[in-house]
Amino acid sequence: MITIFNSECAYSGYDLKKFNEMRNNLEKNHIKYKYKVRNRMAQWSGRGTLRGRMGSLGASSEFMYEYEILVHKKDYGKVKSVL
């Protein structure tokens with residue numbers, strides 16, 4: 001089981017294509033992983049979301065979502081050789 005105490009970040013970024021390629025490589029090599037997708041425009045700050053207060057006009061859609069892949073610490077060395 002992967003938890004916050006025994007995990008390492010294998011990938012963190014905004015590129016969906018690279019995120020999916022890394023997930024496919026991990027699955028091919030039977031490495032367990034956990035992933036998170038964060039919507040940067042839906043973050044709460046003060047009196048509402050960032051998008052609700054400032055709008056999304058002019059905001060680049062490629063930086064709207066941040067992707068993160070977490071693996072177990074014992075598999076981190078294997079992950080670096082695979083990726």
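Position 1 is the first residue of the sequence, and the numbers go up from there. Because only heavy atoms are used, hydrogens play no part in the values below, and waters and symmetry mates are left out as well, while side chains stay in.
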Return the OH to CD distance between Tyr35 and Glu68, rounded to the nearest 0.5 Å. 13.0 Å

Hydrophobic cluster membership, Met1 vs Leu70, 4.5 Å side-chain cutoff: no

Listed pairs under 3.5 Å, donor-acceptor, residues 72-83 side chains, sequence neighbours left out:
from: His72; atom 1: ND1; to: Lys74; atom 2: N; distance (Å): 3.2
from: His72; atom 1: NE2; to: Asn6; atom 2: ND2; distance (Å): 3.1
from: Ser81; atom 1: OG; to: Lys78; atom 2: O; distance (Å): 2.8

Is it true that a side-chain atom of Asn29 and a backbone atom of Ile31 form a donor plus acceptor pair closer than 3.5 Å? no

When rounded to the nearest 0.5 Å, the distance separating NZ of Lys34 from SG of Cys9 is 13.0 Å

With Tyr67 via ring pair (Phe, Tyr, Trp, His ring centres under 6.0 Å) - residues at least two apart: Phe19

In the hydrophobic cluster built from side-chain contacts under 4.5 Å, what are the other members alongside Phe5? Ile4

Donor-acceptor pairs under 3.5 Å, side chain of residues 20-28 to any protein atom, not counting sequence neighbours: which ones?
from: Asn20; atom 1: ND2; to: Leu16; atom 2: O; distance (Å): 3.4
from: Arg23; atom 1: NE; to: Tyr33; atom 2: OH; distance (Å): 3.2
from: Asn24; atom 1: ND2; to: Asn20; atom 2: O; distance (Å): 3.3
from: Glu27; atom 1: OE2; to: Tyr33; atom 2: OH; distance (Å): 2.6

Residue set satisfying salt bridge (Lys or Arg N to Asp or Glu O under 4.0 Å) with Glu8, at least two apart, ordered chain then number -> none

